[in-house]
Amino acid sequence: METFLFLFLGFAYLCLFIWELLQVKKYGIRNHANFLILVIFGLVYDNLIIPFGRFIGEGNTLETLSKIRYWFHALFTPTLILFAWNVFHKTGLLSMRQTLWKLLAYVLTIGFIVYELLTSIMGMKLEPKWEDGVLTYENVTQPGFPLMVMVVTLVLGAVGVLLMKKLRFPWLFIGTVVMLLGGLLANWIKNFPIMNVFELLFIVSLVMTKHFQFRVH
């Protein structure tokens, strides 16, 4: 069942990825909102590698493909801070000290990329894991507390609160709450990848937010 679930998630992300690529010409390639495309691309790769792990089998091939998953996560996920700044800026919520906020967004993004490279990528040790018929390689040296993911989620949640209060757009806030709820439920529901399902809903809320900002700009 999980194999088909990850295939569904991978296909859903692929559709979002293609859709967002088609919008690049409309909104411009140099827009900070396009960092979301990188994140979605990483999730396409992540969710399509997982279900094929059992067919590839244990060994260097799957281990190398799995390393790329962790590299994408470390390099792409922190850029959602720049996405959050872009929403903050384009919707008019940011009326002063724009340079300072932009600088802070870049510092946090680069800082967390470096943090992920040092704590998760450098010295990465992968070990095979079978669970419900799915074979993956997990990084056993990765820190237990996902600091970067938590900070990124909170930043997006803060922008979501402002969008809801100022512009009556609730979906970024709702998506953030869903993401946090998924993290909590994952601690109790061990036999189903509920976090992956909630993560898709979160990404959909980011896509909705991206297009909303262009409508109000």
Side-chain angles (χ1 to χ4, degrees), residues 2-3 5-7 9-10 13 17 35-84 105-157 176 178-203 206:
E2 288 196 11
T3 298
L5 175 61
F6 282 111
L7 284 173
L9 293 174
Y13 283 122
F17 177 71
F35 280 113
L36 180 58
I37 298 176
L38 292 177
V39 176
I40 295 174
F41 174 75
L43 290 168
V44 171
Y45 182 88
D46 190 72
N47 285 275
L48 289 182
I49 286 297
I50 291 176
F52 286 107
R54 61 185 298 181
F55 303 108
I56 299 172
E58 294 184 25
N60 291 333
T61 299
L62 183 58
E63 184 175 355
T64 300
L65 293 173
S66 298
K67 285 181 180 178
I68 297 174
R69 290 175 53 209
Y70 289 99
W71 273 94
F72 283 167
H73 177 73
L75 295 174
F76 296 161
T77 305
T79 63
L80 287 178
I81 294 177
L82 291 174
F83 173 84
Y106 269 98
V107 169
L108 286 175
T109 300
I110 296 172
F112 275 118
I113 289 175
V114 173
Y115 170 81
E116 286 293 309
L117 293 177
L118 291 176
T119 60
S120 299
I121 303 301
M122 302 299 293
M124 177 169 50
K125 182 180 180 181
L126 300 182
E127 292 185 356
K129 178 182 179 181
W130 280 96
E131 187 172 9
D132 295 325
V134 174
L135 172 62
T136 58
Y137 270 81
E138 290 197 350
N139 185 7
V140 296
T141 60
Q142 192 168 5
F145 182 73
L147 176 63
M148 180 270 291
V149 172
M150 184 59 66
V151 172
V152 169
T153 304
L154 292 177
V155 168
L156 288 166
T176 305
V178 166
M179 184 69 172
L180 293 172
L181 181 61
L184 292 174
L185 291 177
N187 293 322
W188 298 319
I189 304 175
K190 301 294 185 180
N191 58 348
F192 184 79
I194 192 168
M195 184 63 184
N196 299 77
V197 176
F198 279 43
E199 187 175 37
L200 174 61
L201 299 177
F202 174 63
I203 294 298
L206 296 185

Non-hydrogen side-chain atoms of Trp130 and Thr136 separated by less than 4.5 Å: no
side-chain contact (heavy atoms from CB on, under 4.5 Å) evaluation trace for Leu7 with Phe52: CA-CA 9 Å; Leu7 284 173; Phe52 286 107; 3.9 Å; yes
Atom NE2 in His73, atom CD1 in Ile121: separation rounded to 0.5 Å? 8.5 Å
Interatomic distance, Thr3 atom OG1 to Ile50 atom CD1 [nearest 0.5 angstrom]: 10.5 Å
So which heavy atom on Phe192 is nearest to which on Glu2, and how close? CA-OE2, 4.0 Å
Nearest heavy-atom contact between Asp46 and Arg69 is OD1-NE, 2.5 Å
Just verifying a value: how many Å separate Leu181 CG and Met195 CE, rounded to the nearest 0.5 Å? 9.5 Å
For Asn187, does the CG atom sit with more than 12 other heavy atoms under 6.0 Å from it, leaving out its own atoms? yes
Test Phe198 against every option in Val178, Leu180, Ile203, Leu184 by the side-chain contact (heavy atoms from CB on, under 4.5 Å) rule and name the one that passes. Val178
Gap separating the CG atom of Leu43 from the CD atom of Glu199, nearest 0.5 angstrom: 5.0 Å
Please examine the side chains of Val197 and Leu5, heavy atoms only from C-beta on, and report whether any two atoms are closer than 4.5 Å. yes
Nearest heavy-atom neighbours spanning Ile113 and Ala74: CG1-O, 3.8 Å
Trp71-Glu116 side chain donor-acceptor pair, cut-off 3.5 Å: no
Between the CG atom in Leu9 and the CG atom in Leu200, the distance rounded to the nearest 0.5 Å is 6.0 Å
Name the residue from Val107, Ile81, Val149 that meets the side-chain contact (heavy atoms from CB on, under 4.5 Å) definition with Phe112. Ile81
Apply ring-ring contact (aromatic ring centres under 6.0 Å, His included) to the pair Phe41 and Phe72, showing each step before the final yes or no. CA-CA 9 Å; Phe41 174 75; Phe72 283 167; 5.5 Å; yes
Student check: side-chain heavy atoms of Leu156 and Phe83 closer than 4.5 Å: yes
Got a donor-acceptor contact below 3.5 angstrom from the Thr79 side chain to the Phe76 backbone? yes
Taking all heavy atoms of Leu126 and all of Ser66, pick out the closest pair and write down the distance. CD1-CB, 4.0 Å
Is a side-chain N or O of Tyr137 found less than 3.5 angstrom from the main chain of Gly59, in a donor-acceptor match? yes
Are Thr119 and Gln142 side-chain neighbours, meaning at least one heavy-atom pair lies under 4.5 Å? no
Taking all non-hydrogen atoms of both residues, which atom of Val152 and which atom of Pro78 are closest, and how far apart? CG2-CA, 4.3 Å
Could you check if a side-chain atom of Glu58 sits within less than 4.5 angstrom of a side-chain atom of Leu135, using non-hydrogen atoms only? yes
Tyr45 vs Leu65 side-chain heavy atoms within contact, under 4.5 Å: yes
Assess whether side-chain contact (heavy atoms from CB on, under 4.5 Å) is satisfied between Glu63 and Asn60, documenting all intermediate values. CA-CA 5 Å; Glu63 184 175 355; Asn60 291 333; 4.2 Å; yes
Check whether Tyr70 reaches the backbone of Asn139 with its side chain - one donor and one acceptor, N or O, closer than 3.5 Å. yes
Nearest heavy-atom neighbours spanning Leu36 and Leu80: CD1-CD2, 4.0 Å
Answer whether the closest heavy-atom distance between the side chains of Phe202 and Leu206 falls below 4.5 Å. yes
If you measure from CD1 on Ile56 to OG1 on Thr61, what distance do you get to the nearest 0.5 Å? 7.5 Å
Lys129: partners by salt bridge (charged side-chain N to carboxylate O under 4.0 Å, His left out), with sequence neighbours left out: Glu131, Glu138
Quick one: are Phe6 and Pro193 in side-chain contact, heavy atoms under 4.5 Å? yes
